[in-house]
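In what follows, a structure is listed as structure tokens, so that the remarks can point back to it.
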Amino acid sequence: MSGQKDHANLFDDARSRLEEVFDAIEVHGDARERLMQPSLSLQVSVPVRMDDGSLKVFPGWRVQYNTTLGPAKGGIRFHPDVNQEEVTTLSFWMAVKCAVVDLPYGGGKGGVKVDPKQLSKLELERLARSYIRGIADIMGPDRDIPAPDVNTNATVMGWMADEFDHLARAKVPAAITGKPPELGGSHGRVAATGRGALHVLDLWAEREKRKPEETTVAIQGFGNAAYHFARLAHEQGFRIVAVSDSKGTIYSQEGLDPDAIMEQKQRNKRLHDMVYCDDSVCIAEDVEKLDRDDLLTLEVDVLALAALENQVHEGNVDQIKAGALLEIANGPVSSHADEQLEERGVPVLPDVLANTGGVIVSYFEWLQNRSGERWSEEEINKRLAERLVRESELVFERAEKETISYRRAAYRQGIERIAHAIQLRGNCQDSE
């Protein structure tokens, strides 16, 4: 995608949002210091025996960011651009978003610098297991609970859960979430991030008195979260006029059918058993084909960003013509671009609220694993909706009351909860 991925500055850019929050809610100095750095950063080597007998070693990381509210929680990504700055930033965002929706978790994130689509299925499984061996000493249901992220899915989580069970010499299903249902995964987890994003969009649209059938949506990215968001939004009446992936954009003013696009995209699989899809949305027929970055400049009511971080930045924010932005990916709008959009009066439904559906249902999976219960998908979706309605309304009401952006309101809600917990634990000295 079109992002300016300057990882050296990504973490600083993410943390830059905190100073305004600290001043607005009067965070104690000790809590400020704790919130500016991760609690733990681990770099590991991830050796993998390749199918040809050779050995390759990939760098990997796991970062835990402020675990005051509970164990670290967050995904694992396999991507050639992964590095420590990115993983640290993502763990920071996870800490904030868990607090925003009142989950008993801190932030966690992990990653391996690798192009998983160049691996065979067996090599991919060896990579997943090797990574878990590398981080096993700092994870577990009461310490750090990994989940899927970019280029990892239920299949990969199943391999990781099995490896951790072998290392623990026990069945520990609550150590990893996003697993297949047969291995203790939760119903509704696969679609949860997209479903949650739609809940937040619905609540905003209702407040704006905007009807779905009168709302056009363009979606950058067409992975798992984007597809399920598009599918559910389409079913609800929103008009999906464009979607893009790394190979291009397809556009139709009359509207696109996400299910038809996904069916065509999945025609060919490089890896059997549906580990990854090797086709593009651009194989869809009877649509207008555009360059991938053209999607960002379309005149639509809602631009949903579901690719990677820093997709809207100082270099392209002036070209954004959408009426509102919905962040399904983590950190797709840089802080500088965010300020410009705020000045222009373009609302941004922030990632720390809009993409929390996945971690909320991961929390439900964790609860089920620890209690030995199995909830129906209907029950999962009901609980997800209830939590998002409650926490989203708090953010929206705060934004309106304090005359601030939705992102500022969400950050204040999350950081306030973390900072208060830090003080209650007795880590702060009284100010003189």
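What you find for Pro347 and Tyr406 is that their closest heavy atoms are CB-CE1, 3.9 Å. Shortest non-hydrogen contact noted between Pro104 and Pro71 is O-CD, 3.6 Å. Contact detail for Arg195 and Asn381: the closest heavy-atom pair is NE-OD1, 3.4 Å. Closest approach of Arg126 to Arg49, counting heavy atoms only: NH1-O, 2.8 Å. Between Leu290 and Leu298, the shortest heavy-atom distance links the atoms CD1-CD2, 4.4 Å. Heavy atoms only, all atoms of each residue included: Gly134 and Leu42 are closest at O-CD2, 3.9 Å.
Side-chain atoms of Thr249 come within 3.5 Å of backbone N or O of Arg292 as a donor-acceptor pair.
With rounding to the nearest 0.5 Å, the separation of CD1 in Ile138 from OG in Ser39 is 11.0 Å. Here the CG atom belonging to Leu384 is positioned 11.0 Å from the CD atom belonging to Glu377, to the nearest 0.5 angstrom. Residue His420 holds its NE2 atom at 11.5 Å from CD1 of Ile422, rounded to the nearest 0.5 Å. In this structure, OG in Ser392 is found 13.5 Å from CH2 in Trp204, a value given to the nearest 0.5 Å. How far CG of Leu10 is from CZ of Arg15: 11.0 Å, rounded to the nearest 0.5 Å. Distance check: Asn66 CG to Leu35 CG gives 5.0 Å after rounding to the nearest 0.5 Å.
Here the side chains of Ile415 and Leu18 are in contact, with some heavy-atom distance below 4.5 Å. Residues His234 and Asp257 are in side-chain contact: their nearest non-hydrogen atoms beyond the backbone lie under 4.5 Å apart. Taking the side chain as every heavy atom from C-beta outward, Val156 and Leu124 approach each other to under 4.5 Å. Side-chain contact between Val82 and Val87 is present, with heavy atoms from C-beta onward closer than 4.5 Å. A 4.5 Å side-chain heavy-atom check between Leu303 and Leu295 finds at least one atom pair inside the cut-off. For the pair Val241/Leu256, no side-chain contact is recorded, criterion being any heavy-atom separation below 4.5 Å from C-beta on. With a 4.5 Å cut-off on side-chain heavy atoms, Leu325 and Val346 count as touching. Between Asp149 and Lys109, some side-chain heavy-atom pair lies under the 4.5 Å cut-off.
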*Please lay out, stage by stage, how Ile176 and Met139 fare under the test side chain to side chain contact (heavy atoms under 4.5 Å, CB included).*
CA-CA 9 Å; Ile176 288 176; Met139 61 173 285; 3.8 Å; yes
*Dump the intermediate steps for side-chain hydrogen bond (donor to acceptor under 3.5 Å, both in side chains) on Gln368 and Ser186, then the final yes or no.*
CA-CA 8 Å; Gln368 292 170 83; Ser186 177; 3.1 Å; yes
_Checking Val348 against Glu327 for the side chain to side chain contact (heavy atoms under 4.5 Å, CB included) test, could you report, in this order, the C-alpha distance in whole Å, the side-chain angles of both residues, the deciding distance, and whether it holds?_
CA-CA 7 Å; Val348 178; Glu327 294 186 329; 3.9 Å; yes
_I'd like to know whether Asp351 forms a salt bridge (Lys or Arg N to Asp or Glu O under 4.0 Å) with Lys97, so could you lay out the CA-CA distance, the side-chain angles of the two residues, the decisive distance to 0.1 Å, and finally the verdict._
CA-CA 8 Å; Asp351 52 352; Lys97 76 172 64 174; 5.9 Å; no
*For the pair Glu86 and Glu309, evaluate side chain to side chain contact (heavy atoms under 4.5 Å, CB included) and give the outcome as yes or no after the intermediate values.*
CA-CA 9 Å; Glu86 179 184 56; Glu309 57 270 11; 2.3 Å; yes
*Apply the test side chain to side chain contact (heavy atoms under 4.5 Å, CB included) to residues Phe229 and Val217: give CA-CA distance (whole Å), side-chain angles for both, the deciding distance (0.1 Å), then the verdict.*
CA-CA 11 Å; Phe229 166 76; Val217 181; 4.2 Å; yes
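Counted within 6.0 Å of CD on Gln236, heavy atoms from surrounding residues, nucleotides or ligands total more than 12; the atom is thus considered enclosed. His336 NE2: more than 12 foreign heavy atoms inside a 6.0 Å radius. Environment of CD in Glu386: crowded, with over 12 heavy atoms of neighbouring residues, nucleotides or ligands closer than 6.0 Å. Other residues, nucleotides and ligands place no more than 12 heavy atoms under 6.0 Å from the CG atom of Asp137. At most 12 heavy atoms of other shown residues, nucleotides or ligands fall within 6.0 angstrom of atom CD in Glu378.
Salt bridge annotation for Lys121-Glu125: absent, with no cationic side-chain nitrogen under 4.0 angstrom from a carboxylate oxygen. A salt bridge is absent between Asp81 and Lys113; no separation between the charged side-chain nitrogens and carboxylate oxygens falls under 4.0 Å. Between Arg239 and Glu254 there is no salt bridge, since none of the side-chain N atoms of the basic residue sits less than 4.0 Å from a carboxylate O of the acidic one. By the 4.0 Å N-to-carboxylate-O rule, Glu123 lies too far from Lys56 to be salt-bridged with it. Using a cut-off of 4.0 Å between Lys/Arg side-chain N and Asp/Glu carboxylate O, Glu391 and Arg417 are scored as salt-bridged. One finds a salt bridge joining Arg407 and Asp338 here, because a Lys/Arg side-chain nitrogen approaches an Asp/Glu carboxylate oxygen to under 4.0 Å. A salt bridge does not link Lys171 with Asp162: none of the charged nitrogens is closer than 4.0 Å to a carboxylate oxygen.
For the residue pair Asn355 / Asn330, a side-chain donor-acceptor distance below 3.5 Å is found, with atom types taken as modelled. In summary, the side chains of Asp13 and Ser334 do not present any donor paired with an acceptor at a separation below 3.5 Å, with no hydrogens or angles considered. In the model, Tyr227 has a side-chain atom that pairs as donor or acceptor with a side-chain atom of Asp259 under 3.5 Å. Side-chain N/O atoms of Arg189 and Ser362 include a donor and acceptor closer than 3.5 Å.
Taking the six-membered ring for Trp and thresholds of 30 and 60 degrees, Phe92 and Phe11 have ring planes more than 60 degrees apart, a perpendicular arrangement.
Paired with Glu365 under the rule salt bridge (Lys or Arg N to Asp or Glu O under 4.0 Å), one option of Arg370, Lys73, Lys179, Arg383 passes, and it is Lys179. In summary, of the residues considered (Leu201, Leu349, Thr216, Ile219), a side chain to side chain contact (heavy atoms under 4.5 Å, CB included) with Val302 occurs for Leu201 alone.
A centroid separation of less than 6.0 Å is found between the aromatic rings of Tyr105 and Trp366.
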